[in-house]
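Everything on this sheet refers to the single structure shown next.
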Amino acid sequence: MAPKEPDFVEIAHQRAKEKKTHVSFPQLKYPSLRDEGLKDPVLWLTGKAMDDGAEGLWRVHDKLYDLESFIDRHPGGREWLELSKGLDVTEAFEAHHLNPSTEKMLSKFYIRDAKSPRNSPFTFQDDGFYRTLKKRVWEELKTIPKMENRRSDMVTDGLLATCLAASTIASWAENYWIATAACFVASVCLAWILVAAHNYIHRGPNFRMYYFNLALWSYRDFRVSHVLSHHLYTNTLMDLEVSGFEPIIFWNPRKERPFYADYAIVIEQFVFPFMFILNFLKRTSLIFLRPGFFTHHIRWHDGIGLLLPIWIYLTSGASFYHAVVTWLWINCTASFIFFTIGSNAAHHHPMIFKDGDEVSDVTPDWGMHELEAVMDRRDINDSHFKVMTFFGHHALHHLFPTLDHAVLEHLYPVFLEYCEKYKANFKETSSLDLFIGQIKATLKTRPTLLTEKKSRY
């Protein structure tokens, strides 16, 4: 019997304090290593492997598979299987493979049934919202022009070209105002390049995913923190894009938290400009702090971030010192812009699910949960350029992450039809409301009750 609503708040606070289970999904184990170390992607993978019962193999639903011999033949690239070995990849398998024939191929690698239940609350019933919608989308994709993604490619490549030109002018120009304007243009374009490159990181190997590394970040790390963590377990305790900001910024409703948590919007202004550099320093420090990190997790493309200052130095004719100062200005400003866009993109608002909120079903359909944890912006979705540079079409992107953003806009008629059929909670608002909502979310200390959710819709 479910607790009465007045009691749920105190029960939720107690669960959060004890850290034995998730708060909204108490049948699940509290994620191992969630609050340990530097909260880096590799540590997240290690902790998840401890909880998933995959026994060093790949788990999909309640079955274990050995995909070792398939790694080099995987159409999505070997990296996805390398990163996910030893994990429960049910959500990733379902969301990343729309073709129904994939399940038949997977069965060839079956080893045995798993010994423990899944440490995930989500279900994928054949007659449920997500799988039913996925089947219909698979058929709908056959009617969409195959070259639609060229629009996204042109936006992304155009941003790169503009960033390179503007960064050169910023260091070359002697006029203060021209140099400042060029720096700002280069910074905005660099931030937008990362947002646009995120469109390609969800897929198999492609050269545009490397654009993400221009800001000293690692697309490989982002594949873990964003694709395998945030996208699949949005706003739950397994979401590294929520836990990774703790104990500086808190987005989950918690009664016991530091006094400075109420000033998150102020803290963001001081932290966001240095996030690119801090991520680089954190990743570099792990080479010395964690044995085997360099061998297993450092790749050639980790050096791409150093190409931009080299480009500025070689093309502007400025001194090395001036080129580096210009690059740091561009990098820090781009970092502030990127993280400001990201934190206000879709997931932080009092009306959006966060771990701690009361749920009507502790074993929800995965697609239904994704819509509970997302809020789209009407004023972003009306332009493909804005979609590419401000994380637009966010709900559909979460449901079908491997599809190009230019393709997603064609799916709305089918998507809205199935949302109405299954009473799925697709939410839309304005960018301003979502920005204000993000601030309110950082101030939220009390979980949302079901009656409060129903009264808002």
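Positions are given from 1 along the sequence.
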Show the nearest heavy-atom pair for residues [X] and [Y], with the distance to one decimal.
{"X": "P31", "Y": "M238", "result": "CG-CG, 3.9 Å"}
{"X": "F293", "Y": "L286", "result": "CB-O, 3.5 Å"}
{"X": "L45", "Y": "L83", "result": "CD2-O, 3.6 Å"}
{"X": "Y130", "Y": "E94", "result": "OH-O, 3.8 Å"}

Checking side-chain hydrogen bond (donor to acceptor under 3.5 Å, both in side chains) for the pair N199/H405: CA distance, chi angles, key distance, verdict? CA-CA 7 Å; N199 179 46; H405 282 62; 2.6 Å; yes
Before giving the answer on salt bridge (charged side-chain N to carboxylate O under 4.0 Å, His left out), spell out for K85 and E82 the whole-Å C-alpha distance, their side-chain angles and the decisive distance to 0.1 Å. CA-CA 6 Å; K85 184 178 182 180; E82 289 175 340; over 6 Å; no
Working for salt bridge (charged side-chain N to carboxylate O under 4.0 Å, His left out), residues D52 and R59: CA-CA 8 Å; D52 281 359; R59 177 173 182 164; over 6 Å; no
Distance-only polar pair, side chains of E10 and Q14, donor-acceptor under 3.5 Å: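 Not at all, the side chains of E10 and Q14 share no donor-acceptor pair under 3.5 Å.
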Using a distance-only test with no angle check, is there a side-chain donor-acceptor pair under 3.5 angstrom linking S120 and E91?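 Yes.
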If we ignore hydrogens and angles and just use 3.5 Å, is the side chain of R377 paired with the main-chain N or O of A345 as donor and acceptor?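 Yes, the answer is positive, given that a donor and an acceptor are paired below the 3.5 Å cut-off.
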Just by modelled atom types, is the L216 backbone N or O under 3.5 Å from a matching donor or acceptor in the N279 side chain?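 Between the backbone of L216 and the side chain of N279 there is no qualifying donor-acceptor contact (under 3.5 Å).
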Residue pair H393, Y412: steps toward the side-chain hydrogen bond (donor to acceptor under 3.5 Å, both in side chains) verdict: CA-CA 10 Å; H393 298 323; Y412 275 99; 2.8 Å; yes
Give the ring-plane orientation class for [X] versus [Y], where under 30° counts as parallel, over 60° as perpendicular and anything between as tilted.
{"X": "F336", "Y": "F272", "answer": "tilted"}
{"X": "H61", "Y": "F124", "answer": "perpendicular"}
{"X": "F391", "Y": "H198", "answer": "perpendicular"}

Residue F294 excluded, over 12 heavy atoms near CZ under 6.0 Å: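 For F294, atom CZ is not crowded (no more than 12 foreign heavy atoms under 6.0 Å).
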Might you confirm whether atom CZ of R299 has over 12 heavy atoms from other residues, nucleotides or ligands at distances under 6.0 Å?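 Counting other residues, nucleotides and ligands, CZ of R299 exceeds 12 neighbours.
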Let's go through D379 and S431 carefully: what are the C-alpha distance in whole Å and the side-chain angles of both, what is the deciding distance for side-chain hydrogen bond (donor to acceptor under 3.5 Å, both in side chains) to 0.1 Å, and is it a yes or a no? CA-CA 7 Å; D379 52 334; S431 294; 3.0 Å; yes
What I want to find out is whether E139 reaches K142 closely enough, with some N-O distance under 4.0 Å, to be called a salt bridge.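 Salt bridge flag = yes for K142 with E139.
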Do the side chains of E18 and R15 get close enough for a salt bridge, i.e. N-O under 4.0 angstrom?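 Looking at R15 together with E18, the answer is no, because their closest N to O distance does not fall below 4.0 Å.
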Apply the ring-ring contact (aromatic ring centres under 6.0 Å, His included) test between [X] and each candidate in [options]; give the one that qualifies.
{"X": "W217", "options": "Y211, F280, Y210, F339", "result": "F339"}
{"X": "H231", "options": "H202, H96, H369", "result": "H202"}
{"X": "F212", "options": "Y219, Y200, F222, W192", "result": "F222"}

Sort out for me which residue in R290, K282, R283 forms a salt bridge (Lys or Arg N to Asp or Glu O under 4.0 Å) with D40.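 With D40 as partner, salt bridge (Lys or Arg N to Asp or Glu O under 4.0 Å) holds for just one option, R290.
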